[in-house]
Asks: 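Below is one structure. I have some questions about it.
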Amino acid sequence: MPDKPLAGKVALVTGAGRGIGREIALRLARDGASVIAHYAHSKAGAEQTVADIEAMGGTAVAYQADIAKRPDVIALFEQIDRNPGRIDIVVNNSGVSSGGLLADLTDDDVETIVGINMLGPLYIASEAAKRLPEGGRIINFSSSVAKFPLAGAGLYSAAKKAVESFTESWARELGARGITVNTVIPGATSPGMIDGSPEYYDFFAGASPFKRIGKAEEIAAVVAFLASPEASWVTAGSILANGAANT
Ligand SMILES: NC(=O)c1ccc[n+]([C@@H]2O[C@H](COP(=O)([O-])OP(=O)(O)OC[C@H]3O[C@@H](n4cnc5c(N)ncnc54)[C@H](OP(=O)(O)O)[C@@H]3O)[C@@H](O)[C@H]2O)c1
């Protein structure tokens with residue numbers, strides 16, 4: 001593989017101010033991509049991601065949007081049209097895992113979980129589909145708990161399953177233009193949302209024969225492969241990156 005397989009490419013990474021998204025942004029930049037480090041609330045985090053990319057000699061910008069709001073996503077792409085003026089790779093990394101037991105589910109829970117995990121990636125991909133060139137990439141994010149649903153995470157799991165379904169449909173739609181679409185399915189990963197519930201580290205680590213949880217850089221490596229020209233024949237697929245955990 002060439003040293004900088006993504007040289008000349010522009011990658012949008014949603015949620016690049018922290019967690020897995022930050023590691024993805026740094027990895028794609030190391031692979032030569034210019035990065036659009038999107039954030040919703042983590043302005044300082046996204047600016048740090050940009051600064052770290054610039055420190056390694058790369059280029060990046062930080063743009064804000066609530067991806068659950070379509071006008072925000074349209075405005076985000078209008079900013080991208082102005083600078084850097086192109087987009088080749090979209091990583092739909094943003095996600096939230098809040099929710100709870102069926103009897104406790106509120107309207108806010110439904111709006112948030114469906115809005116950010118399912119509608120957000122749809123709005124992003126819809127705008128990207130108007131712009132991605134031949135060789136373009138869309139990389140969606142599901143979760144191991146969509147494969148092994150847990151009590152209290154039904155809506156999150158279902159929203160992530162919807163994204164896996166989007167992937168298969170969009171791959172067939174966009175393949176005619178030489179664009180690939182895939183899903184990455186992480187298990188418990190740090191830094192990332194699992195850090196908000198450290199009481200679950202042992203549960204998830206114990207579910208893997210490796211007896212540990214994943215590292216964000218290990219998820220970023222999978223994204224880097226899917227984003228690379230080497231992955232030109234990999235599409236409509238999903239890669240489970242969860243250390244063979246059975247949960
Ligand atoms: N870490 C894990 O254990 C794990 C396991 C399975 C799957 N995943 C999936 O991996 C992806 C990354 O998760 P993570 O662990 O890095 O989570 P995280 O550390 O909790 O970060 C969540 C990200 O989502 C963004 N986000 C939240 N609300 C948003 C909104 N309204 N609009 C746009 N972006 C929003 C956040 O941006 P701001 O901070 O700027 O708001 C943040 O960058 C998610 O899709 C998640 O479902 C993670």
Side-chain angles (χ1 to χ4, degrees), residues 12-27 36-50 62-73 75-76 90-99 108-109 111-124 127 139-150 153 155-164 166-167 183-201 203-205 207-208 212-220 222-223 238-243 245 247:
L12 166 66
V13 181
T14 64
R18 61 189 171 103
I20 296 172
R22 175 179 151 76
E23 287 301 321
I24 294 168
L26 296 175
R27 172 61 197 261
I36 300 152
H38 156 272
Y39 65 95
H41 309 95
S42 297
K43 185 171 195 281
E47 287 172 350
Q48 187 62 54
T49 301
V50 169
Y63 291 153
Q64 194 276 341
D66 178 348
I67 62 163
K69 296 184 177 144
R70 194 160 201 188
D72 265 37
V73 172
L76 170 67
V90 173
V91 185
N92 262 324
N93 163 79
S94 283
V96 287
S97 67
S98 58
D108 276 355
D109 290 334
E111 196 177 318
T112 301
I113 296 168
V114 174
I116 297 171
N117 293 304
M118 182 181 140
L119 297 179
L122 173 67
Y123 297 151
I124 294 274
E127 289 309 306
I139 299 161
N140 290 324
F141 265 68
S142 180
S143 167
S144 190
V145 303
K147 190 171 165 63
F148 306 103
L150 296 169
L155 188 57
Y156 174 68
S157 298
K160 291 296 194 183
K161 271 287 177 200
V163 168
E164 292 179 35
F166 284 158
T167 291
T183 308
V184 178
I185 310 181
T189 305
S190 180
M193 55 178 54
I194 186 70
D195 299 325
S197 312
E199 66 276 21
Y200 288 117
Y201 284 154
F203 169 76
F204 284 109
S208 163
R212 66 170 177 87
I213 60 173
K215 301 173 196 161
E217 67 200 48
E218 293 172 316
I219 305 303
V222 177
V223 172
S238 56
I239 298 185
L240 182 64
N242 77 338
T247 190

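Along the sequence shown, the residues carry numbers beginning at 1. Numbering of ligands and ligand atoms starts at 1, following listing order.
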Asks: Would you please say whether a donor-acceptor pair under 3.5 Å links the side chains of Ser142 and Glu164?
Replies: yes
Asks: Side chains of Asn242 and Ser208, heavy atoms from C-beta outward: is any pair under 4.5 Å?
Replies: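 Contact flag for Asn242/Ser208 side chains = no.
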Asks: In this structure, are over 12 heavy atoms from other groups packed under 6.0 Å from Tyr200 atom OH?
Replies: no
Asks: Output all residues satisfying salt bridge (charged side-chain N to carboxylate O under 4.0 Å, His left out) with Arg70, sequence neighbours left out; order by chain, then residue number.
Replies: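 Applying salt bridge (charged side-chain N to carboxylate O under 4.0 Å, His left out) to Arg70 gives none.
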Asks: Excluding sequence neighbours, so at least two apart, what forms side-chain hydrogen bond (donor to acceptor under 3.5 Å, both in side chains) with Glu47?
Replies: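 Testing Glu47 for side-chain hydrogen bond (donor to acceptor under 3.5 Å, both in side chains), a comparison that skips the adjacent residues, returns Lys43.
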Asks: Taking non-hydrogen atoms within less than 4.0 Å of ligand 1, which protein residues qualify?
Replies: Gly15, Arg18, Gly19, Ile20, His38, Tyr39, Ala40, His41, Ser42, Ala65, Asp66, Ile67, Asn93, Ser94, Gly95, Val96, Ile116, Phe141, Ser142, Ser143, Tyr156, Lys160, Pro186, Gly187, Ala188, Thr189, Gly192, Met193, Ile194
Asks: Tell me, please, which residues at least two apart from Thr189 pass side-chain contact (heavy atoms from CB on, under 4.5 Å).
Replies: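 So Thr189 forms a side-chain contact (heavy atoms from CB on, under 4.5 Å) with Ile20, Pro186, Ala216, Ile219.
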